Number of protein chains: 2
Amino acid sequence: MTQYHPVRFVDVKLEGRFWSERLDTVLKSTIPSQHVKLGEYGILNSLKLPKPTPPLRFPRHPNGFTVQVFWDSDVGKWIEAASYALSHRRDAVIEAKIEAIIDDFEKAQLPDGYLNCWYLGHEPDNRWTNMRDNHELYNAGHMLEGAVAYFETTGRRRWLDIMERYVAHIAQTFGTGPGEKRGYCGHPEIELALVKLYRLTKDKKYLDLAAYFVNERGRQTPHYYDVEKSERQRRGIDVQRYNYPDYEYSQAHKPVREQTKVVGHAVRAMYLYTAMADLAAELNDDGLKSACETLWTDVMETKMYVTAGLGPSAHNEGFTYDYDLPNLTAYAETCASVALIFWAQRMLHLDLDGKYADVLELALFNGALSGLSQDGCHYFYANPLESHGAAERWDWHTCPCCTMNVSRLVASVGGYFLSTAPDGVAFNIYGGVSATREIAGTKVALREESTYPWSGEVKISIDPETPTAFDVKLRIPGWCKDAKLSVNGTTIPVELNKGYHTIARTWQKGDKIALELPMQPERLYAHPGVSMDAGRVALRRGPLIYCVESTDNPGGRVQRISLPRTSELTASSQGGAIAGAVMLRADALASDEADWHDLYRTKPPKEVATRLTAVPYYLWANRGKSSMMVWIPEQ
Amino acid sequence: MTQYHPVRFVDVKLEGRFWSERLDTVLKSTIPSQHVKLGEYGILNSLKLPKPTPPLRFPRHPNGFTVQVFWDSDVGKWIEAASYALSHRRDAVIEAKIEAIIDDFEKAQLPDGYLNCWYLGHEPDNRWTNMRDNHELYNAGHMLEGAVAYFETTGRRRWLDIMERYVAHIAQTFGTGPGEKRGYCGHPEIELALVKLYRLTKDKKYLDLAAYFVNERGRQTPHYYDVEKSERQRRGIDVQRYNYPDYEYSQAHKPVREQTKVVGHAVRAMYLYTAMADLAAELNDDGLKSACETLWTDVMETKMYVTAGLGPSAHNEGFTYDYDLPNLTAYAETCASVALIFWAQRMLHLDLDGKYADVLELALFNGALSGLSQDGCHYFYANPLESHGAAERWDWHTCPCCTMNVSRLVASVGGYFLSTAPDGVAFNIYGGVSATREIAGTKVALREESTYPWSGEVKISIDPETPTAFDVKLRIPGWCKDAKLSVNGTTIPVELNKGYHTIARTWQKGDKIALELPMQPERLYAHPGVSMDAGRVALRRGPLIYCVESTDNPGGRVQRISLPRTSELTASSQGGAIAGAVMLRADALASDEADWHDLYRTKPPKEVATRLTAVPYYLWANRGKSSMMVWIPEQ
C-alpha cells in the first residue's frame, strides 16, 4: 500500500479566508499576548537559575508546588507556536524573545545535559525521582517540539543542540540496560517529540528511545511507579504530591499493546496514542497499529462528544465509562481535542482512510477551535456543550497548557491539509491552500480554493511542470451526501474508497478539478446509551457543529427552547452573523416561564412559537456571557 | 392565632405497617450495626483520652486530620437515634453501650466543662481557635441533642448534666460581653440543640445563647472568621485546614435577617434555618420569621429536587444557582433532606400551613428515606435522581453523618404526625399512630389507622374521656385532589384553609372520622428553568415519587426508555413488588440499541414498544446494582 505523508506546515501556504483570519489573529494577538502572560505570571522568570525570582502570582499552589512543575513545557509550547507563526511571517521582535529564552535554558543546562528548571531551582538532588507526577519528561518533550519547530522555521540550531544534549542525558538515564531506570513519564509527550526529532535528524536512536518509553509503559511486577515511590520513601523525600488512585489515570495500568479501552486523563491518552501510531508507522509495528485501531474504535463508538471533545470528567480530566457524555459539566479540555487531531493525523497516515480525516476535521473546526476566542487572547480550558450562563473565556489559567496548544495548532494548521506519496497527493481538509511538491518526479504546483467550511464549493488546480501520471485523492467528508466532481469541466462519478475518490491520470498544466460538497443543515442523534442526549438533537452543517446561544435567541436561557422534528432548517450568513459565519435558523418552540408559579406541577409546560438561531459551536462565548446548548430538545 | 406544637416522639405510638417495619429495622439492625461501625472505625476509641488509640482506618485523612474533627458528633447522634429507638422498646444491651460512652465523655471533660475529644486529644491548647472549620460547637450541638433525647427516654440525667456543664463553659466563652469571643460555629447545629435544651429545662439562658449565635452570624467589620484567622497566624498555629473561598459556604456572608437566597453547604443551611424558625417561635421574632419565609420561598421555587433532595453540587455539598438541579450528579445529601424535615416542622409550627407539611412529607418519604436501605445497614450519602449503574449503597463512610441522621429520623418519626394546641389537634402526616393527649382540658385518645403511603384511606378515632369541644384539623395533602371526608358516617364537604380542613365540634367517645385521599398516579413537570428535566416527566402517586430501575425493566440501562404522553399509568402492588410497594406501570417506548453502529447519526433512534415499571424512589438500589432515573423522557 502506498504510504502517504503529511506535507509539513512550512511547505503549505494558507490562502483561504477562514484560516488566514485565524492565523493572522494568532500572529498579531495570540503569540505576543501569550509572551506577556508568560512574563506576568512568573513563568519566564522561573527559567532564570540558579535562583528563580519568586513568581508574581500563585505563590503557593494547593498541591504544594511553589511554582508549577510544568512551566518549562509552557515555554516550549509557546516557542513552538511562535515558530509556526514565524514560518508565515518572520518577526524580529518575537525571534529576539525566543533567543532570550534559549539564553536562559542554555545557562540552566547542567554539564551532563540535564535541563529542568523546576528541579534545578527547587530540588536539584531529586531529579528523576517522581516520574509519575512531576512532568520532567513531559517538559522535555514540549521543549523538544519547540526546538524542532524553531529549527524548521529559522534553521537556527542552538536550541536544538541544547535539546539533543538533554535527550542524550535522558537516553543514558532511562532504558533496560544496567544502571538505567526503567521509568517513563506519567504524562506522555516526549515519545511523540522524539519521533519528530527522529524525522528531522533520521537518527534511529531517538526512535529507539521513543519505542522504549512506549513499550515499557504499564509493565508490572513491580510497577515502576511503585519502585520509585519506595525509593522516595527510603530517601525520605516528598512521597506524594498528587493522589491519583490508579495507574489508569496515566494509561500505565497495562502494557500499551494490551490496552483496549480508552481510560484516564484525556490529554495523556491522546499524546500516548499519537506516539503509538507514529511508532507503528516508523517501525511497521502491526501490534502497535492494531492497539491504536482498537483504542480508536473504543473512543469513537462510546466516548467522543459530537464536537470531538474528549473527557467528560473534571475529576481526572478525562474518561469515565461508555456513553458518559454530560453536556453542562463536560470537561472536554481544549488540549484533548488538539491532541485528538494529532492522533487522527497519525492514524490517517498509517492508513489513508477518510474516517480519520473526518475526526481530524471535526475536532479542528469544533472542539479544538472553540478553545480560542475571536480576539485571539481569551481561552476555554473546558469546552462544555451546554452553559447556563456562567462559562466565560479567561485570559490566562493556573495551568496554561491549552492556550499554547490551540495557538500551535492554528499556526501549524497548514500541515493538515495535504498529504503526498511518491506517486500521489491527497487533499484531506479543504479551505484554501497552495503548495508546490515533487510528485512522481515532477514539481507540481497545487492550489485548492474554497470558502470552506462555509461552502463546499472547492476548486483545485493541478499544475505539474511537465505532464505526469499520478494519483490525486480527494477526501469526500463523511458528512457529505451527493458530492459532485468534475475534471476540466467533465463530470465524473464519485467513487469512494475509504472516504477518498482517486483520480489517476496524466496531469498537465492548467488541469482543474471542481468538487462540490453540498452542505445541508442536518440533525444528529446520539446513540441511546448517551442518556443525556435522549430526545435531543444536535445541528450540523458541513464540518461544523452548531449551538444555540442566548445572544441570538433573546428571552431568557436558551434551555427553554425545543425544536419540532418537522421544522425546516435554513442556512444563511445574513442578519447578525459573526465572523462571516453561516447561521442556521428554524421555527421552534419555547416553554413559557411566565405561565409557571411552582417548581413542579402536573400540567405540561405551555409552549409558544419562536424562531431559533444557531451559530457554529466554535464561535460561542465571543459576545459576552450567554447561555448555550448544543443538544436541543426535539419535539 | 392558635399556636400548635408537635406531639413529641415519646408520646406517639407507631402502629401502621409502613413505619412499624422501618422502626423495627432501625431497632434490630441499624442501631446495633452502627455501634459496631463506630467501634471498627476507631470512633469510640477516639473518646478515650488522654491518649486515643490510633484509629483502625483512615490513619491519615487528606485534609490533614489524623482522625475526623467531627467524630464526637457522630457518637452524639448515635445516642440520640438509640434513645428514640429505646422509647419504643427498652434494651439493656444498648443502654449499657450508651452508658459506657458517657463514662468516656465524663472522664474526658475538663474541670471548666470543656469537652471536645479531638482537641483534647490532639491540640489541647488550641481549642476555639478555628470556629469556621473545626466543628467544636457543631459537635457540642449533636452531643446535646443526644443528651436531651437520652434523658427524655430514660430519665437519666448524667449525660445531660455533663452537657449542661459544657454549655455553661460555652456560654462563658462566647458572647458580646467583655473578654468573650464573638464567634459562632461554621457548621450551625448547636443553635437548634440549645433550643431543645431550653424547651426541656425552660431555662432562658439557653435560648439567649442560641439567639446570640444566630444573630451574631455573618456580621462583618471585621468578620469573625478573619479575626480568628489572624489570631491563628499570630500564634503560628495551623492556619488553614479547609480552603473554602467564601462565607456563603457556611451562611455567614451576611447577618441572617438579611439573607434572602439559600446558599452554601445544604446541611449547614437547613440546620441554621431550623434554629431561626425555632427562635422566631420562642421569641415571637417576626424578623426571623420573615427571613425564614423568604428563604423557604427561595428554596421551594428554585432549588429543591422533586424528591426533596437539596444541594446539586458535591463541590460545596450544597447550593449553586437557581434551577441547577442535575440528576446524575445530584449531591442531595441524605442529611440535607433530613434537616429539611426539621426546618419544615419548625415552619409548620410557626404557621400551621399545609405547604410546610407537604414538604416535610415529601422529604420524609423520598429524599430522606432513600438514605437507608431496606436491610437497615446500608446507606446513601448522596441521593442522585439518576444512575447509570455505578451508585451503590455503602455500609459506612469516612464522614458517617448521614447514617445516624437517617436512623434518628426514623426512630423519632412519631414526632411528626400530630400537633396539638390548647383547643385542638392536627393530623399532619398519616400512617397509623395513636396517642393520648390532653385537649381542651380533657384526656383524648387519638388513633389514626391507614396503610399510608400505599393508600389514602384514613380512619381516625377521637375518644375524649368526656364530651368536649375542640378542633380536629386534618391535613389535605397538596398532591390530593377530590379528598372526601365523613364524620360518623356523614359526609361533609372538604373546606381547605392553608391545607387543613378543620372540624370544630363537641367530640365524644366513639367518634369516627373517615378521610379518603385518592391516590392517582400522576405526571410531574419541572419549571422550564430546570433544563435538565426539559421534555421529561416524573411520576408521583400520593406522597411518593417514583423511579424506573433496571431491576424491574430488564434489557439494558433504563435511560433508553421514554414514556408517551398518552400512556395510561396504572398502580398495583402485584408482580415483583418489593416491601409491599405499590408499583406504577405504563406502556412505553425504548430506543433500540441494536439498530445503532455509530455514536452519532442523522437518522432518529428506532423506538420499540415496551412496558415500564416504576418503583418508589426511596426503595431504589435495594436489589443489587441498577441503572435508575426519576425524570423520564416524554414523547
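From a predicted model like this one, the values you see are computed outputs, not experimental measurements. Note on naming: letters A, B, ... go to the chains in the order of the sequence lines (proteins, then strands), and numbering restarts at 1 for each one.
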Quick check on the interface: out of B/Pro604, B/Pro633, B/Gly529, who has the most heavy-atom pairs with chain A under 4.5 Å?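 Going by pairs under 4.5 Å, I would pick B/Pro604.
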Picking from B/Arg565, B/Arg523, B/Arg601, which has the most non-hydrogen pairs under 4.5 angstrom with chain A?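 Among B/Arg565, B/Arg523, B/Arg601, the one with the most close pairs to chain A is B/Arg601.
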Just verifying a value: how many Å separate A/Tyr305 OH and B/Leu599 CG, rounded to the nearest 0.5 Å? 11.0 Å
Report the distance from atom CE of A/Met304 to atom CG of B/Asp598, rounding to the nearest 0.5 Å.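 CG of B/Asp598 is found 10.0 Å from CE of A/Met304.
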What closest approach, in Å, do [X] and [Y] show between heavy atoms, and which atom pair accounts for it?
X	Y	value
A/Val306	B/Tyr600	N-OH, 3.1 Å
B/Tyr321	A/Arg557	CE1-NH1, 4.2 Å
A/Pro605	B/Tyr525	CD-CD2, 3.8 Å
A/Met532	B/His388	CE-CE1, 3.5 Å
A/Arg536	B/Ser531	NH2-O, 3.2 Å

For chain B, which candidate among A/Val537, A/Val530, A/Thr302 shows the most heavy-atom pairs at distances under 4.5 Å? A/Thr302
Among A/Asp595, A/Leu524, A/Asn327, A/Asp592, single out the residue with the greatest number of heavy-atom pairs under 4.5 Å to chain B.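 Most heavy-atom pairs within the cutoff with chain B belong to A/Leu524.
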Is B/Glu522 close to chain A through its backbone or its side chain, or both, or neither, when contacts mean heavy atoms under 4.5 Å? side chain
Residue part contacting chain A, namely of B/Glu634, when any heavy atom lies under 4.5 Å: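 Neither the backbone nor the side chain of B/Glu634 comes within 4.5 Å of chain A.
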Using non-hydrogen atoms and a 4.5 Å limit, figure out which bit of A/Glu386 sits close to chain B: side chain, backbone, both or neither. side chain
